[in-house]
J.: 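My questions will all concern the structure given below.
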Amino acid sequence: MVSRLRLGVLISGRGSNLAALIEACADPAFPAEIACVLSNRPEARGLDIAREAGLPARAIDHKAHESRESFEAELDRALRAADVGLVCSAGFMRVLTAGFTRAWEGRMINIHPSLLPSFPGLHPQAQALAAGVKVSGCTVHYVTADVDAGPIVAQAAVPVLAGDDEDSLAARILKAEHKLYPRAVRLIADGRVRIEGQVAVVDERE
Ligand code: GRF
């Protein structure tokens, strides 16, 4: 059997995108598998989801470290020990230093609930509502030192409806995220994505 791309999933909380990746990887034909799940918060519900699925899951509590660098060094060791080929940040709420993002450049992606480059950073759904856009969505992008700014792998759009509040828009986007993240991982695992400068060029052929 052809070897599958080994994913290291980074989480901080709920873990619904992790659950979507677990479901995708349960298909033996999916070209990736989850090698480890790491959370910077010991109480993250996503850790239970991972353990229930029988996956190696571990908290690396950033509060137990006196510096970002020592926290990230432990994260890095855990990812390397699990022989991770692609890091998938899925609701991971720590900003990573340039040292870490450089070390994993081209091998680390993130999902963000807006159509980047619109609305990076915190509360993107509230930002979308405040701007009055009629379409929003989600983006999977490579992680670089600049937050929410790396080469875009895949996006999905959803309508912003009159009467939406942050919660209703977030829920609509989240549904799209759960389809988009596995699709983006598949594209990368199938070798259909190459980075050219700021741009990820994607071969979407059937
Ligand atoms: C998602 O909306 C993701 O795009 C953002 O944080 C949220 C995480 O949700 N980065 P979950 O933990 O995957 O349920």
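Positions are given from 1 along the sequence. Read the numbers this way: they start at 1 and go in the same order the structure lists the ligands and their atoms.
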J.: Sub-3.5 Å donor-acceptor pair from the side chain of His112 to the main-chain atoms of Phe119, do we have one?
T.: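 Between the backbone of Phe119 and the side chain of His112 there is a qualifying donor-acceptor contact (under 3.5 Å).
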
J.: Do Ser114 and Gln127 have side-chain atoms, one donor and one acceptor, less than 3.5 Å apart?
T.: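 Gln127 and Ser114 do not have a side-chain donor-acceptor pair below 3.5 Å.
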
J.: By salt bridge (charged side-chain N to carboxylate O under 4.0 Å, His left out), which residues pair with Asp203, not counting sequence neighbours?
T.: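 Scan of Asp203 (salt bridge (charged side-chain N to carboxylate O under 4.0 Å, His left out), adjacent residues dropped) gives Arg205.
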
J.: Spell out, yes or no, whether Phe92 and Ile111 are grouped together once hydrophobic residues are joined by side-chain heavy atoms under 4.5 Å, including indirect joins.
T.: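 As far as the 4.5 Å side-chain criterion goes, Ile111 and Phe92 are not connected within one cluster.
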
J.: Using side-chain heavy atoms (C-beta onward) and a distance below 4.5 Å, is Lys175 in contact with Val158?
T.: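 A side-chain contact is absent here, since even the closest heavy-atom pair is not under 4.5 Å.
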
J.: Dump the pairs for me: ligand 1 N or O, protein N or O, distance under 3.5 Å, to 0.1 Å.
T.:
{"from": "ligand 1", "atom 1": "2 (O)", "to": "Glu177", "atom 2": "OE1", "distance (Å)": "3.3"}
{"from": "ligand 1", "atom 1": "2 (O)", "to": "Glu177", "atom 2": "OE2", "distance (Å)": "2.9"}
{"from": "ligand 1", "atom 1": "4 (O)", "to": "Ile111", "atom 2": "O", "distance (Å)": "3.4"}
{"from": "ligand 1", "atom 1": "4 (O)", "to": "Glu177", "atom 2": "OE1", "distance (Å)": "2.6"}
{"from": "ligand 1", "atom 1": "4 (O)", "to": "Glu177", "atom 2": "OE2", "distance (Å)": "3.3"}
{"from": "ligand 1", "atom 1": "9 (O)", "to": "Arg14", "atom 2": "NH2", "distance (Å)": "3.0"}
{"from": "ligand 1", "atom 1": "10 (N)", "to": "Ile111", "atom 2": "O", "distance (Å)": "3.1"}
{"from": "ligand 1", "atom 1": "12 (O)", "to": "Gly15", "atom 2": "N", "distance (Å)": "2.8"}
{"from": "ligand 1", "atom 1": "13 (O)", "to": "Ser16", "atom 2": "N", "distance (Å)": "3.3"}
{"from": "ligand 1", "atom 1": "13 (O)", "to": "Asn17", "atom 2": "N", "distance (Å)": "2.8"}
{"from": "ligand 1", "atom 1": "13 (O)", "to": "Asn17", "atom 2": "ND2", "distance (Å)": "3.0"}
{"from": "ligand 1", "atom 1": "14 (O)", "to": "Arg14", "atom 2": "NE", "distance (Å)": "2.6"}
{"from": "ligand 1", "atom 1": "14 (O)", "to": "Arg14", "atom 2": "NH2", "distance (Å)": "3.3"}
{"from": "ligand 1", "atom 1": "14 (O)", "to": "Ser16", "atom 2": "N", "distance (Å)": "2.8"}
{"from": "ligand 1", "atom 1": "14 (O)", "to": "Ser16", "atom 2": "OG", "distance (Å)": "2.5"}

J.: Just so I know, are the side chains of Leu75 and His65 near enough to count as touching, which here means a heavy-atom distance under 4.5 Å?
T.: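 No; the side chains remain at least 4.5 Å from each other.
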
